[in-house]
Each structure stands twice: as C-alpha cells, then as structure tokens.
Number of protein chains: 2
Amino acid sequence: MATGRNHRPATSRSRGIPEATVARLPLYLRALTALSERSVPTVSSEELAAAAGVNSAKLRKDFSYLGSYGTRGVGYDVEYLVYQISRELGLTQDWPVVIVGIGNLGAALANYGGFASRGFRVAALIDADPTLAGRTVAGIEVEHADGLEQIIADNGVSIGVIATPAGSAQQVCDRLVAAGVTSILNFAPTVLSVPEGVDVRKVDLSIELQILAFHEQRKAGEEAPEEEETAPPAAPPAAAVTKKRSEPGPDGDVPAVMPA
Amino acid sequence: MATGRNHRPATSRSRGIPEATVARLPLYLRALTALSERSVPTVSSEELAAAAGVNSAKLRKDFSYLGSYGTRGVGYDVEYLVYQISRELGLTQDWPVVIVGIGNLGAALANYGGFASRGFRVAALIDADPTLAGRTVAGIEVEHADGLEQIIADNGVSIGVIATPAGSAQQVCDRLVAAGVTSILNFAPTVLSVPEGVDVRKVDLSIELQILAFHEQRKAGEEAPEEEETAPPAAPPAAAVTKKRSEPGPDGDVPAVMPA
DNA sequence: CCAGCTTTGTGCACGCGTTCACAAAGGCAT
DNA sequence: ATGCCTTTGTGAACGCGTGCACAAAGCTGG
C-alpha cells in the first residue's frame, strides 16, 4: 500500500508477482538464511511457513509465482531457494543508498546492520546542518546537502532514505528525484508527492502506535459493557460558524488528548 | 442501510471498522491537525484526500464507517472530525509506553516527538546493559531490565516497543506479555510469537528496502528487451548443493550478497 | 419558497489476496 | 519394480478492499 500509483495490469509477462507476495519474500529469505547458517539442507513448506509466521498454503502459492523450485515429498532446497529469492528481489546486485537527515534516526539507520547485510551499501550520509559535515557516523563521513546531486550521480544511487524532519522531507524528496533517485524510503511523517515511476514506501512510527492504540482500546472496551465516553463533544454538524468548540489547546492539537 | 440515522453498522460500531480504514485514520488525523493549526474551519473530501494522499471516494467511505460526520454541499468540520477520529483511535486517553532496548534505534525512538504528541507517553526506557542504567536519554532515565515487570505494573503499561537486537526480541516479548502488555511494536528483525489476544505490528527497515530493490530491478529490466530469466543456477534437487554463477545479462556482475 | 449547485454517503461491481482441498509428483522401502 | 507415504503445486471459492457513479442532502441566491 505504498503509493497507489499502480496503473499496471500486473501483467509484466510471466513476471506478474503479486505485490503481497513480494512483501513476504524478504521474510522467507530471512528464515531461509537462518536455516542455511545451521546447514539445514531442505525444509518443508510447513516448517518454513512456521518460521516465517505465515500460512503454509500461502507460502507455497507465493513460491509458485517464482517457479517450481520444490521437490514433492521432500520440500525445498534451502540454498537454492535463498539464491532464487535473492535474485528475484534484486539482491544479487549492489544497491548504493544515501541517507538524508543524520539526526537520531538517521544515525540509527546508518548503524543498522540489516542494510549492509543484504546488498545495500550506504554510499553517503547527507545532512543540511553544516556543523554535522565532516563528522563520522557509523564509519562514514557526513556530507553537506549541497553535494547531494553530485553524490548521487557519482555513485549511481537509485535508492534514497529520508530521515529528515517533516518540514524538509518534500524538498529533499524533490532533489533526490531530480538527481535520479527512483525509489524512496520515507521516515518523515509526511505524504510525499512524486512523479510517476518513482516508488515511495513510508515507515511511520506514530501511525503504527496509533493503530495499536485502536486495537488496545477495542480490547478494553470488549470487557466493559458499554462505557460511555466522558467527553461530550457536542457540536456535531458544521453549518454553525461556531468553530470555537470547547477549549482546545493553543497548539491546536486534539483537545481531549491534552495530558492532565 | 435502512435507517442510516444510527451510526452503528450492525456490529459493535468499532468492530465494524475495516482494518484498512483503521490504518488510514492516523493519516487523516495528521492532515486534519495541520488544517486545524491553520484555522481552516471545513474541508471537502477532495481536499482532505489530496492532503492525505488517498482517493476521495475511499476517504468518504472510510468516514462513513465512523458515522455521518460531514455536511453535504459543505464538507467536514475540521475540529469535530479531529475529535471523532481521535476518539475512535483511542487517543483521547493516555497510553504509557515502554521502550526496550536503548541502542541507536531505541534512543531515536525515545527522542521522536511523534510519540508524545498524540497521547503516547514514554513511561520508561529499559535496557539489559547495566552500564546504560542510570544514564539519561531524551530526558528519561534508562532503567535496567530487571525491573521490567515492576515498571509495567506500576505504570499500567499495555503497549511495548521492542528495539533490541533480534536475538533477544522473543525473550523480551515473552516478558512483556507475561507482565501484562497486550500490544507490541517490534523493530527487531524477527518473527515474534505471541499468545492470542496480543497484537504485534512490525517495522522492518531491511524488508522495506528489499521491496524497493525489487521494484527498482523491475524498472531497470523493463527498458531492456525482454530479459529472459536466463539463470539456471542449477541445483534444483536436494542433491546438488552447488551454487553456480550464471550469466544474468547486461550488467554482468552479480556479486554474491548472501553471507554464508 | 423554489431552483440550482455542491458535496456527501453508498450501492454495486471488480479485482486482488487468502484459504481450502486435492490430484499429481517424487522418494523410499520392500 | 511396485506400492505407499509425504509434500508440492494449484484450481476454485470466498472475502476484503477499491473505485465508480449517482441519488440524496444541504446550502445559497433569487
């Protein structure tokens, strides 16, 4: 559910791998890599599915989109499947990545081992703060944003990670795209608008927490009969120019959310 | 439909909200909050949809699950909608959260403003490293993992964030759940197994990048004439374990990425 | 009070994703 | 070889999510 820009009939010849399947391939790959390190030669769909946390039928169907790589009565060859999935995901080649915005999060990302371990190479760390330039984070020197275009061109970067504040995310995004980046991983809490052909995936910590809160509330409400909220919001319809509802906070945030 | 007056679609109101809709509510809420700060009184579904990056029909349908909060010919009252969505998401109450694993990522999360701004309060930072205990991160003192159960009980924590290495994630998870946590946001690259009734959402940086790499590879392959997946690395059956390099195509290279 | 314009709310159809259930395929023991 | 047992690969049904298209609702001007 990244960007809804998908006017492709999903008919890229036999390469019509469903998006949902693609999203699970890294999961399978991780489980298979673990098995590989333990020198396990083969796995059944049932075992692998358990390790990946999915349904075995789903896993088999997912693999069927890649081809018939299993052996009936035996299972899947671990090493072979690792290779096939890696190739399908494009991990058999090197992907230089730039991280823009070296704050707490950007630094954490730079240090994250999961990047380098699968074909992703941090080509550069970029920040707009001049005082950061020259400092070393995760063994890589932070460069100033002025050189962004040059860095991307020199390294052939096609994937960019945005870890800036929300305010500058779109601007950074535009520059990345203009410089040739066609895939963006966005950590800033903003909706990015990009031209067609550019993929954007967003990771939003706040949204994830809010979804959890919803379910948490629902769980709590299930046990209580019908707990009426202690907040009489009133003023349902518009029409009334009375937009001066109760007494929200000066910051304009959710009224009732204000901590006591 | 019938009498559309009462907004309670057969089931328990909150029960009837599709998961996909719940996932978008925080997005709408953010856009609405921005409008609220600019003192915009009302918005049309078209405007709000654009701001949230979704289809306007989808937005209207989403809101219809909450109830009829709009005014035909006018749009939606911003303040009122902010309140309704906040309430539906459970943000009208305070959610104490613990973050376990105060490494680079954990520290970044602790400093992330998006937490505190919407009813989430970092009740405690917990780490197993004794040398970290007592140090202050984001204005909060890091506590040792020994006190995990006590901290959760004392603060009534029901949401936990796991930012530990993959190796200890399941163990931490088990302790959290045993102590009463029923919602977990997992940043560790592992599949967590939890008892029924516990919600887990995972944020996996590596997986997101791999999905981007897939699309990136596909984009690159589209321009080249139909690149037949010539690459019989052999070793289909369980017998041969040889991973043979083959001839991928134009780019030729293909450095092995998989660690042994 | 009525006509006309705007925007919501939603019935409906379509397509994707999930799951079931089973025939086909392959190994292994005899 | 042959028959049995295991596991894959997939056809088909089902359910969810998306987007279209339009009637109903509400505001505004005459």
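A note on names: the letters A, B, ... follow the listed sequences, proteins ahead of strands, and every chain is numbered from 1.
The separation between A/Leu59 atom CG and D/dG9 atom C1' is 12 Å, rounded to whole Å. If you take CD of B/Glu19 and P of C/dT18, they are 14 Å apart, rounded to a whole angstrom. Per the geometry, CG belonging to B/Asp62 stands 13 Å off C1' belonging to C/dT10, to the nearest Å. The nearest whole Å value for the distance from the NZ atom in A/Lys58 to the C1' atom in C/dA21 is 17 Å. A/Arg24 places its CZ atom 9 Å from the P atom of C/dG17, with the value rounded to the nearest Å. Nucleotide C/dG26 holds its P atom 16 Å from the CG atom of A/Asp77, rounded to whole Å.
Residues forming a side-chain hydrogen bond (donor to acceptor under 3.5 Å, both in side chains) with B/Asn55 (at least two apart in sequence, or on another chain): none. Shown here are the salt bridge (charged side-chain N to carboxylate O under 4.0 Å, His left out) partners of B/Arg60, two or more places apart in sequence or in another chain: there are none. Partners of B/Arg201 under the salt bridge (charged side-chain N to carboxylate O under 4.0 Å, His left out) rule, at least two apart in sequence or in another chain, are A/Glu208. By the side-chain hydrogen bond (donor to acceptor under 3.5 Å, both in side chains) test, A/Glu46 is found to be paired with A/Ser56, residues two or more places apart in sequence or in another chain being considered.
Between the side chains of A/Ser206 and A/Gln210, at least one donor N or O sits under 3.5 Å from an acceptor N or O.
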Solution key, residues 187-199 of chain B side-chain donor-acceptor pairs under 3.5 Å, sequence neighbours excluded:
{"unit_1": "B/Thr190", "atom_1": "OG1", "unit_2": "B/Ala166", "atom_2": "O", "d": "3.4"}
{"unit_1": "B/Asp199", "atom_1": "OD2", "unit_2": "A/Lys219", "atom_2": "NZ", "d": "3.3"}

Tabulate atom names and distances for all N/O pairs under 3.5 angstrom spanning the protein and nucleotides 7-9 of chain C.
{"unit_1": "C/dT7", "atom_1": "O4'", "unit_2": "B/Gly73", "atom_2": "N", "d": "3.0"}
{"unit_1": "C/dT8", "atom_1": "OP1", "unit_2": "B/Ser45", "atom_2": "N", "d": "2.5"}
{"unit_1": "C/dT8", "atom_1": "OP2", "unit_2": "B/Ser45", "atom_2": "OG", "d": "2.5"}
{"unit_1": "C/dT8", "atom_1": "O2", "unit_2": "B/Arg72", "atom_2": "NH1", "d": "3.0"}
{"unit_1": "C/dG9", "atom_1": "OP1", "unit_2": "B/Gly70", "atom_2": "N", "d": "3.0"}
{"unit_1": "C/dG9", "atom_1": "OP2", "unit_2": "B/Tyr76", "atom_2": "OH", "d": "2.6"}
{"unit_1": "C/dG9", "atom_1": "O4'", "unit_2": "B/Arg72", "atom_2": "NH2", "d": "3.0"}
{"unit_1": "C/dG9", "atom_1": "N7", "unit_2": "B/Arg60", "atom_2": "NE", "d": "2.9"}
{"unit_1": "C/dG9", "atom_1": "O6", "unit_2": "B/Arg60", "atom_2": "NH2", "d": "3.2"}

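With hydrogens and angles ignored, no donor-acceptor pair closer than 3.5 Å exists between the side chain of A/Lys61 and the base of C/dG17.
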